[in-house]
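Here is the structure we will look at, set down as structure tokens.
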Protein chains: 2
Amino acid sequence: MTSISPDRRSVDSALDPSAEQIRDMGGRAVEWIAAYHDSIRDLPIGPRTSAAALKELLAEPLPVEGRDFTDLLTVFREVIVPGSRHNGHPRFFGYVSAPGTAVAAVADFLASALNANLTAWRSAPAPAELEHVAIDWIKEALGCDPGAGGLFMSGGSMANFTALAAARHRHCGDAVATHGAAAHPAPLRVYASTETHHSIHKAAALLGIGRANVREIPVDACFRMDVDALVRAIEEDRAAGAEPFCVVANAGTVVTGAVDPLADIAAVARRYRLWMHVDACYGGFARLAPSARPLFDGMSEADSIALDPHKWLYLPADCGCLIYRDPEAARRAFSLDADYTRVMQTEPAEAFAFWDYGPDLSRRFRALKVWMALAHAGSRAVGDAVEGNLDCARHLAELVDASADFELLAPVELSIFCFRYLPGSAHAGSRSQSDEEELDRLNERIMLALQQAGSSYLSNATINGRFALRGCVLNYRTTRRDMEILLDDVRRAAEQAIEETR
Amino acid sequence: MTSISPDRRSVDSALDPSAEQIRDMGGRAVEWIAAYHDSIRDLPIGPRTSAAALKELLAEPLPVEGRDFTDLLTVFREVIVPGSRHNGHPRFFGYVSAPGTAVAAVADFLASALNANLTAWRSAPAPAELEHVAIDWIKEALGCDPGAGGLFMSGGSMANFTALAAARHRHCGDAVATHGAAAHPAPLRVYASTETHHSIHKAAALLGIGRANVREIPVDACFRMDVDALVRAIEEDRAAGAEPFCVVANAGTVVTGAVDPLADIAAVARRYRLWMHVDACYGGFARLAPSARPLFDGMSEADSIALDPHKWLYLPADCGCLIYRDPEAARRAFSLDADYTRVMQTEPAEAFAFWDYGPDLSRRFRALKVWMALAHAGSRAVGDAVEGNLDCARHLAELVDASADFELLAPVELSIFCFRYLPGSAHAGSRSQSDEEELDRLNERIMLALQQAGSSYLSNATINGRFALRGCVLNYRTTRRDMEILLDDVRRAAEQAIEETR
């Protein structure tokens with residue numbers, strides 16, 4: 001190293017602030033975060049605002065001159081935060097949404113300040129090793145073989161996409177990658193249940209496989225794939241000259257939380273030499289909860305598993321993950337050949353490049369928040385929190401079953417619950433189609449009224465053609481008491497919805 | 001809202017720490033960041049370590065019990081930081097790598113704590129509006145039309161992929177998305193110069209277009225696409241029954257920083273009805289520097305522009321960006337249809353969904369760091385810093401030109417410089433092929449010795465078949481003095497490399 005020190009503070013201090021300025025900005029951010037986490041239980045979940053009102057407050061031309069951090073933090077606190085939905089609120093049950101954790105936010109802060117770029121080992125040696133450690137922990141949580149490998153990416157949609165790309169490459173070899181899908185004219189087929197997340201269809205569309213070549217397999221009464229129907233579909237397709245190459249199993253569907261019969265699907269995949277991919281984005285980490293563990297038997301036999309640590313590891317967005325049973329099988333689908341990707345190390349662990357296993361080149365240090373959150377809490381506490389979420393969903397199901405004015409629309413397998421409100425008039429005897437449609441409209445109005453009121457939040461699903469109020473417990477803050485409050489809130493929203501249509 | 005408050009602190013405090021614990025963890029992180037930024041000029045750029053040594057320090061089984069944050073921060077400070085490359089060092093010239101800024105790290109901290117998920121407006125109203133504002137600022141910086149739109153994503157590779165997917169969809173309609181690439185049997189062709197980033201080839205492979213259908217167009221002596229050769233290639237392909245659908249222009253190649261003749265390429269794209277995509281990941285924001293602005297004439301005519309705010313807006317990874325001239329043309333390539341993506345708002349701005357314009361569903365609040373960094377510094381200070389980077393590269397070129405022991409291998413167009421060391425023996429007269437190969441080997445050893453020494457860092461490129469020392473100035477901390485130190489460091493590395501082979 002040289003002893004000559006170039007001029008410091010040669011540029012605008014907004015780009016390169018002093019340690020004192022950083023302490024001041026960081027300290028204010030910490031204060032806000034501490035207060036936010038402390039008050040999150042008492043905030044209205046969703047904002048009452050409009051695009052026009054927010055645009056009025058936020059839109060302005062590109063500023064030529066800089067502005068104090070204090071002013072920007074004020075806009076954040078007074079406009080952006082009140083205009084946000086608070087996904088960490090204990091009764092935010094919409095979609096599949098984690099609360100984030102404070103330690104993960106701190107890890108993201110450190111990661112952005114260190115600004116490691118995890119393209120390859122050589123560019124970020126310790127961060128790359130830490131990603132391997134965090135992936136190993138996830139493999140252990142899932143019961144995967146030690147030879148498996150993987151990486152973090154933006155989210156579940158990209159993990160599903162990446163898995164399908166690897167599966168197609170194993171089936172087609174390099175011909176499609178080199179010459180395009182036309183080089184392999186026989187239609188390729190992916191199998192997935194009717195309950196599968198649409199990111200699978202989107203991936204098939206983008207990859208040039210085609211959405212229509214994702215063949216949807218019917219489900220049983222518990223919304224799990226009918227494996228006999230899967231076998232029939234494969235046989236039919238083979239007889240017709242199509243090429244089955246991949247089966248996608250769900251470990252927790254986003255509609256009802258169903259876990260497909262993984263071991264049975266694995267046996268079919270072996271028999272027909274299909275790549276088995278498990279979409280475990282929502283459900284996978286429930287294997288840490290003893291009561292759910294048996295559902296995941298067979299998962300480790302999959303060729304790939306997509307996960308979202310930003311779901312049931314409670315981490316903030318974005319953190320998706322893909323595990324490959326045989327990383328070498330995936331490598332050839334993604335590897336690059338360019339000067340700037342030329343690796344001069346001879347030690348295999350030091351020649352390792354993440355770009356060989358997925359679509360990204362630059363990659364944020366996501367592993368830090370996974371490692372820090374898991375190491376800080378420990379797997380037992382995470383498992384206990386997941387178990388608590390499962391218990392909350394089961395408690396809700398019991399409350400619904402015991403209530404005359406509610407009806408469960410799907411079994412509760414993990415932490416998702418689907419139900420609807422039944423007014424007194426709807427309850428007796430069998431219902432006509434128009435009665436059912438009336439109930440659909442009422443429950444949709446109830447959902448909107450509930451979301452407006454701000455104490456509890458549910459989203460929607462269609463269950464056997466009917467509108468369902470749907471919730472997912474995915475927050476360590478949620479308690480049994482919250483489930484009781486939820487039903488009270490739904491009853492209040494129902495009264496309001498019925499009142500408004502009189 | 002309800003007045004009933006459920007039990008607090010019902011779970012392990014590592015998942016849900018108190019305000020006091022958050023203040024303590026956050027405060028320690030702020031202290032480290034302030035000290036890190038203050039000392040970054042004096043750190044050795046790259047670690048001297050091995051995969052085995054790091055694994056020894058970091059690998060352990062999934063911990064069952066949790067650990068204090070203090071212990072984890074110690075591992076971060078004592079193992080991870082010293083085992084990282086310091087991309088914010090003013091003489092880290094490798095690849096195309098930004099330093100990050102402190103305010104952007106603070107913004108990432110706030111974003112992870114708020115944990116907004118920018119799937120659609122309804123799920124994050126104010127964050128979604130802020131993303132529109134930040135995109136509008138970028139459009140203004142690039143000179144785009146007001147009707148353009150866009151979104152942030154993980155990085156440039158995904159932005160290039162997404163643009164090619166949109167281009168293919170406009171050309172093929174929904175047939176390929178629905179039935180796969182086989183539904184459109186004529187070979188599709190993408191045109192790009194020989195200097196184009198390999199993420200374009202990777203995208204073509206993944207999309208089922210095929211790497212071989214990216215036709216590489218030769219470049220002129222300044223490494224800019226030869227537009228006459230482009231026209232000839234299009235005409236040849238059309239005559240042979242292939243279907244040209246997309247041309248990729250570079251606004252700053254990663255090898256030499258060349259900017260293709262954008263206005264000429266735009267005219268060809270119009271004439272042949274091709275989707276014009278500009279890969280401006282490295283160079284686009286140089287339009288903020290007056291001396292570089294004319295290079296970007298014609299860029300706003302492109303159908304899509306890929307950018308990396310995590311490059312020349314100095315932000316930490318990850319932050320890529322894609323701008324569409326006509327967002328509606330892109331929409332149909334990505335839109336989903338599922339209950340959980342059903343949007344009930346009728347106001348168009350409130351029905352807006354980011355998933356309609358790219359591959360992701362869950363999306364981190366990247367816009368906050370773009371907005372906060374630009375608003376804090378102002379566009380003038382960013383433009384000044386970019387201008388300073390350009391000046392540093394030009395200064396290096398002058399120093400090289402004035403030195404007998406260095407030779408420039410490519411013109412300096414933006415902030416990338418490619419050169420090599422010439423020992424006294426190599427300098428006189430013309431060189432044989434074996435002399436050239438000797439120089440290649442010497443310069444490769446020089447690069448490795450330089451990287452090992454830790455005061456300056458260059459990566460490599462192949463220029464007209466020869467090994468080049470390649471650097472890119474992309475750091476507001478870098479001064480003219482750093483360029484002088486760099487050449488001294490290279491001379492020292494050369495002495496060492498020559499010494500070692502004697």
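So that the names make sense, note that chain A is the first sequence line, chain B the second, and so on, each numbered from 1.
- Residues A:Leu54 and A:Ile80 fail the side-chain proximity criterion, which asks for heavy atoms closer than 4.5 Å.
- Here the closest non-hydrogen pair linking A:Ala105 and B:Phe109 is O-CD1, 3.3 Å.
- Remark: A:Tyr36 OH to B:Asn115 CG distance equals 8.0 Å, nearest 0.5 Å.
- Atom-to-atom distance recorded for B:Asn460:CG and B:Tyr95:OH is 6.5 Å, nearest 0.5 angstrom.
- Chain B forms the most heavy-atom pairs under 4.5 Å with one residue out of A:Asp108, A:Ile22, A:Leu110, A:Asp318, and that residue is A:Leu110.
- The CE atom of B:Met158 sits 10.0 Å away from the CE atom of A:Met153 when rounded to the nearest 0.5 Å.
- Taken from CZ in B:Phe76 to CH2 in B:Trp32, the straight-line distance is 4.0 Å, to the nearest 0.5 Å.
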Review point. Does the pair A:Asp489 and A:Ser455 meet the rule for a side-chain hydrogen bond (donor to acceptor under 3.5 Å, both in side chains), with working shown?
Key: CA-CA 7 Å; A:Asp489 288 342; A:Ser455 162; 2.6 Å; yes
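- A:Pro82 has its side chain out of reach of A:Pro47: every pair of non-hydrogen atoms, C-beta onward, lies at least 4.5 Å apart.
- When only modelled atom types and interatomic distance are considered, B:Arg85 and B:Asn87 share a side-chain donor-acceptor pair under 3.5 Å.
- Only the side chain of B:His310 has a heavy atom closer than 4.5 Å to any heavy atom of chain A.
- Looking at A:Arg41 and B:Asp16, a side-chain N of the basic residue comes within less than 4.0 Å of a carboxylate O on the acidic one, giving a salt bridge.
- In terms of non-hydrogen atom pairs under 4.5 Å with chain B, the most contact-rich of A:Ala333, A:Pro127, A:Ala349 is A:Pro127.
- Neither the backbone nor the side chain of B:Ser459 comes within less than 4.5 Å of any heavy atom in chain A.
- With respect to chain A, the highest number of heavy-atom pairs below 4.5 Å among B:Glu20, B:Met25, B:Glu60, B:Arg23 belongs to B:Arg23.
- Heavy atoms of B:Ser50 lying under 4.5 Å from chain A belong to its backbone as well as its side chain.
- Neither the backbone nor the side chain of A:Leu188 comes within contact range of chain B; no heavy atom of the residue lies under 4.5 Å from a heavy atom of that chain.
- Using a 4.5 Å cut-off between heavy atoms, A:Leu130 contacts chain B through both its backbone and its side chain.
- Of the two parts of B:Ala203, neither the backbone nor the side chain holds a non-hydrogen atom closer than 4.5 Å to a non-hydrogen atom of chain A.
- With respect to chain A, the highest number of heavy-atom pairs below 4.5 Å among B:Ala34, B:Ala29, B:Gly27 belongs to B:Ala34.
- Evaluated for a side chain to side chain donor-acceptor pair (under 3.5 Å) with A:Trp121, the options A:Glu347, A:Glu129, A:Glu350 yield exactly one hit, A:Glu129.
- Ring pair B:Phe352/B:His132 is perpendicular by interplanar angle, where above 60° counts as perpendicular and below 30° as parallel.
- Your options are B:Thr178, B:Asp136, B:Thr49, B:Asn213, and the one with the most heavy-atom pairs under 4.5 Å with chain A is B:Thr178.
- Between chain B and the residues A:Ser84, A:Gly94, A:Gly100, the most heavy-atom pairs under 4.5 angstrom are made by A:Ser84.
- Ranking B:Gly156, B:Ser362, B:Gly388, B:Ala205 against chain A, the residue ahead of the rest is B:Ala205, based on heavy-atom pairs under 4.5 Å.
- Taking B:Leu72, B:Thr101, B:Val133 one by one and counting their heavy-atom pairs under 4.5 Å with chain A, the maximum is reached by B:Leu72.
- Side-chain contact annotation: B:His198 with B:Arg211, donor-acceptor N/O pair under 3.5 Å absent.
- Contact count versus chain A (heavy atoms, under 4.5 Å) is highest, among B:Ser157, B:Pro316, B:Gly83, B:Ala51, for B:Ala51.
- B:Ile209 touches chain A through its backbone: at least one of N, CA, C or O sits under 4.5 Å from a heavy atom, while the side chain does not.
- If you measure heavy-atom distances from B:Pro187 to chain A, you find no contacts under 4.5 Å at all.
- Note that CZ of A:Arg477 and CG of B:Leu15 are 9.5 Å apart. Values are rounded to the nearest 0.5 Å.
- Using a 4.5 Å cut-off between heavy atoms, B:Phe161 contacts chain A through its side chain alone, with no backbone atom that close.
- Interface summary for chain B: among A:Val81, A:Asp68, A:Leu206, A:Asn117, the most heavy-atom pairs under 4.5 angstrom belong to A:Leu206.
- When A:Arg67, A:Arg364, A:Met372, A:Lys55 are compared by the number of non-hydrogen pairs under 4.5 Å with chain B, A:Arg364 comes out ahead.
- Chosen from A:Val79, A:Val382, A:Val30, the residue pairing most often with chain B at heavy-atom distances under 4.5 Å is A:Val30.
- The part of B:Glu31 that comes within reach of chain A is its side chain, from C-beta onward, which places non-hydrogen atoms under 4.5 angstrom from that chain.
- With a threshold of 4.5 angstrom between heavy atoms, B:Pro359 approaches chain A through its backbone and through its side chain.
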